[in-house]
Amino acid sequence: MHKRILGIAAVVAASAVVLTGCGGGDDASDMAEAVDWGAQATGELKAWGFENADDVGQSRLDYAEEQLKDVKVDLDATAFDAQKFTTRLAGGNVPDVVQMDRRYVTTYAAQELIMPLDECLKEQDVSPREHWYPFVVDDVTYDDEIWAVPQFYQPPAILVNKKVLDEAGVTVDQIDTSNADVLLDAIGKIYQEDNGVPTRLGFDPQATGQSGLWILGMGGQLNDDDGKPTLDDPKNVAGIEMLKKITDAQGGYAAVKSFTDSFDTFGDNNQFVAGQVGAQVNAQWYPNVLSPYMDELQLEAVPFRGADGEPFSVASGTAFVVPAGAKNPAAACAWMVDLTSDEAWAAAGKARGETREKDGGVNTGLFTGSPAADKAIRDEWVTESGNAGFDQVISTYYDVVDYGQSFGSSPAGQEIQNELNNAITAALLGDKSPEEALKDAQKAAMRAYENIEQD
């Protein structure tokens, strides 16, 4: 186990995002089988990665602490880092719980660096596919086992700057990602430039920031059921071709990227207030950024639509894992489950509701990864804002939750994402055809996959 971690750590030193070192063996699975997951939760619990806890995070931490009075939590609130994770494990400094992006989970599961949690969840009376959205569970499932306790699902949709659309004579229903001709016509009417430099985009597709949405939504596939990368699947070409049409209609990808990089995304002169976009793909959290400006804006939202014309979304979020070698896995199990229980989310909903009452902001809800918690929080805390357009935005994000799909679970998940973004960038810049770019991306992703699978 120690030798394998050292091998992985050496590789991570060259690439802090994707692990391509040694894996294999049954260490973590054997450890998990030896754990009494139903044991009384006591003693010290070392947790890492619960970074910058806000009102939502702190209320859940407080709730879990109240439930587990015999557990002393030593919380390292620094951000998760892939290189630091493997270095800590190699040095024997193993936390009991680590919070990380869900795209990392299958990589570590395949390398046996984290424990499967099916028995943990069973002992805690949690039915995963009932408690969480099934596609959220899919994100952390590998080899027919569940390797993490998931949290959050903030789906993407399309925010529409209706004032800009009205000026251009475009209607909201023309922002339709399933109909290229209609969408491109709308983009052409909205788009503005000065000497070839964009000054207003008709539609910002967030080409690399939301790459998985475009590829999967247009009928593609990032990996097969076994986790093997499928970036060179011919069906993946459609999403890139759609993105290229959108960016070419607005001065080309380089010009679009340069313009969007200049946006004051979190400031008073953000791209919606400044009238720099007609529409933009955004995750559910971004309306919170825009809520202070809602009286200056005329916002609406529409779902992203897949190639079949139906609303489409993709799952993303974080999760808690128990590393192999954790000293207090039973307490870790109880703590993770308490943090993601309906009761913990009720406490979080109350905390956020009280925060919004104090600051006068709009409560856009919490998207927890659990359907029951989402509904309960919405029913109790999400009230009309007094702005019909902004209320419609909030409602749209709640609607698209039901159309979620997993990115796919793969040991090479992070490498797949990185190489997909590289392929899209190369194709949109015209450096490679979509087919060539995806072929090269597949080779790189496969190297990562094979390195993990062969060891």
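Note that the structure is predicted; figures quoted are calculated from it, not measured.
- Distance alone, capped at 3.5 Å, is enough to place a donor-acceptor pair between the R102 side chain and the Q151 backbone.
- Side chain to side chain, T230 and D224 fail the donor-acceptor criterion of an N or O pair below 3.5 Å.
- Listed by first then second residue, pairs satisfying side-chain hydrogen bond (donor to acceptor under 3.5 Å, both in side chains) with a partner in residues 395-405 read Q392-T396, not counting sequence neighbours.
- For E130, there are no salt bridge (Lys or Arg N to Asp or Glu O under 4.0 Å) partners at least two apart in sequence or on another chain.
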### Task
Go through R200 and E167 one step at a time and tell me if the salt bridge (Lys or Arg N to Asp or Glu O under 4.0 Å) criterion holds.
CA-CA 12 Å; R200 173 177 288 177; E167 290 177 1; 3.2 Å; yes

### Message
side-chain hydrogen bond (donor to acceptor under 3.5 Å, both in side chains), that's the test. Do T199 and D194 meet it? Break it down for me.
### Response
CA-CA 7 Å; T199 58; D194 182 10; over 6 Å; no

### Task
Evaluate side-chain contact (heavy atoms from CB on, under 4.5 Å) for L183 paired with M242, printing each intermediate quantity in order.
CA-CA 10 Å; L183 179 60; M242 183 70 160; 4.0 Å; yes

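- For Q250 (side chain) and I246 (main-chain N/O), a donor-acceptor pair under 3.5 Å exists by modelled atom type.
- We find the OG1-CD1 distance between T107 and I416 to be 8.5 Å, quoted to the nearest 0.5 Å.
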### Task
Under the side-chain contact (heavy atoms from CB on, under 4.5 Å) rule, what do M218 and L243 come out as? Steps first, then yes or no, please.
CA-CA 11 Å; M218 295 300 144; L243 286 169; over 6 Å; no

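- The line from CZ of R129 to CD1 of I146 is 6.5 Å long, rounded to the nearest 0.5 Å.
- Put simply, CG on L231 and CD on Q221 are 10.0 Å apart, with the number rounded to the nearest 0.5 Å.
- Residue A427 comes nearest to I240 through the heavy atom pair CB-CG2, 3.6 Å, listed as atom of the first residue, atom of the second, then distance.
- Rounding to the nearest 0.5 Å places CE of M446 at 10.0 Å from CG of N451.
- The distance from atom CG of L366 to atom CD of Q154, rounded to the nearest 0.5 Å, is 8.5 Å.
- Using a 4.5 Å cut-off on side-chain heavy atoms (C-beta onward), L117 and V149 make contact.
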### Query
Does the pair M336 and V322 meet the rule for a side-chain contact (heavy atoms from CB on, under 4.5 Å), with working shown?
CA-CA 9 Å; M336 294 184 300; V322 179; 3.4 Å; yes

### Query
Please walk me through it: do K375 and D379 pass salt bridge (Lys or Arg N to Asp or Glu O under 4.0 Å)?
CA-CA 6 Å; K375 184 179 187 305; D379 288 347; 2.7 Å; yes

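- Relative ring orientation between Y108 and F85 is described as tilted, the plane-to-plane angle lying within the 30° to 60° band.
- Within the 3.5 Å criterion, the main-chain N or O of V277 finds a donor-acceptor partner in the side chain of N161.
- Under the 4.5 Å side-chain criterion, counting only non-hydrogen atoms from C-beta, L61 is in contact with W335.
- For W285 and F367, the distance between ring centers is not under 6.0 angstrom.
- No donor-acceptor distance shorter than 3.5 angstrom exists from the side chain of N236 to the backbone of I215, with no hydrogens or angles considered.
- With hydrogens and angles ignored, the 3.5 Å screen pairs no side-chain donor or acceptor of W381 with any backbone N or O of R352.
- Here the closest heavy-atom approach between residue L213 and residue S313 is recorded as CD1-CA, 4.2 Å.
- For L121 against P128, the heavy-atom pair with the smallest separation is CD1-CG, 3.7 Å.
- With E354 contributing its side chain and A351 its backbone, the two residues share no donor-acceptor pair below 3.5 Å.
- Closest approach of N363 and I394 over heavy atoms only: O-CD1, 4.0 Å.
- When side chains are defined from C-beta on, L201 does not count as touching Q271, because their heavy atoms never get closer than 4.5 Å.
- Between M294 and V393, every side-chain heavy-atom pair lies at or beyond the 4.5 Å cut-off.
- Side-chain contact check for V98 versus P323: some heavy-atom pair is nearer than 4.5 Å.
- Using a distance-only test at 3.5 Å, with no hydrogens or angles considered, no donor-acceptor pair links the side chain of Q298 to the main chain of K162.
- Between E415 and Y449, every side-chain heavy-atom pair lies at or beyond the 4.5 Å cut-off.
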### Task
List the steps and the verdict of salt bridge (Lys or Arg N to Asp or Glu O under 4.0 Å) for K245 and E241.
CA-CA 6 Å; K245 290 177 181 178; E241 288 181 338; over 6 Å; no

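- Closest approach of P287 to F390, counting heavy atoms only: O-CZ, 3.2 Å.
- No option in V401, V314, T368 other than V401 meets the side-chain contact (heavy atoms from CB on, under 4.5 Å) test with Y153.
- Listed for the Q99 side chain is a donor-acceptor partner under 3.5 Å among the backbone atoms of G49.
- Annotation: the span from Q111 atom CD to T106 atom OG1 amounts to 11.0 Å, rounded to 0.5 Å.
- For the ring-ring contact (aromatic ring centres under 6.0 Å, His included) criterion with F152, the lone passing option out of W345, F320, Y133 is W345.
- In this structure, D54 does not pair ionically with R60, as no charged nitrogen and carboxylate oxygen lie closer than 4.0 Å.
- Within a 6.0 Å sphere centred on CG of D225, heavy atoms belonging to other residues, nucleotides or ligands number 12 at most.
- V105 has its side chain out of reach of D139: every pair of non-hydrogen atoms, C-beta onward, lies at least 4.5 Å apart.
- A salt bridge between R88 and D76 is present, with a side-chain N of the basic residue lying under 4.0 Å from a carboxylate O of the acidic one.
- A search for side chain to side chain donor-acceptor pair (under 3.5 Å) contacts involving D176 returns S178, not counting sequence neighbours.
- Contact of the T141 side chain with the S409 side chain is not registered, since no non-hydrogen atoms from C-beta on lie closer than 4.5 Å.
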### Task
Determine, stepwise, if the pair F50 / V97 fulfils side-chain contact (heavy atoms from CB on, under 4.5 Å).
CA-CA 10 Å; F50 211 116; V97 177; over 6 Å; no

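- Contact detail for E419 and A444: the closest heavy-atom pair is CD-CB, 3.4 Å.
- Inspection of the D204 and T260 side chains reveals no N or O donor paired with an N or O acceptor under 3.5 Å.
- Classified by interplanar angle (parallel below 30°, tilted 30° to 60°, perpendicular above 60°), the ring pair F80/W48 is tilted.
- W214 contributes a side-chain N or O that, together with a main-chain N or O of P205, makes up a donor-acceptor pair within less than 3.5 Å.
- Counting only distance, with no hydrogens or angles, the side chain of S258 and the backbone of A255 share no donor-acceptor pair below 3.5 Å.
- Taking a cutoff of 4.0 Å between a charged side-chain nitrogen and a carboxylate oxygen, R103 and D101 do not qualify as a salt bridge.
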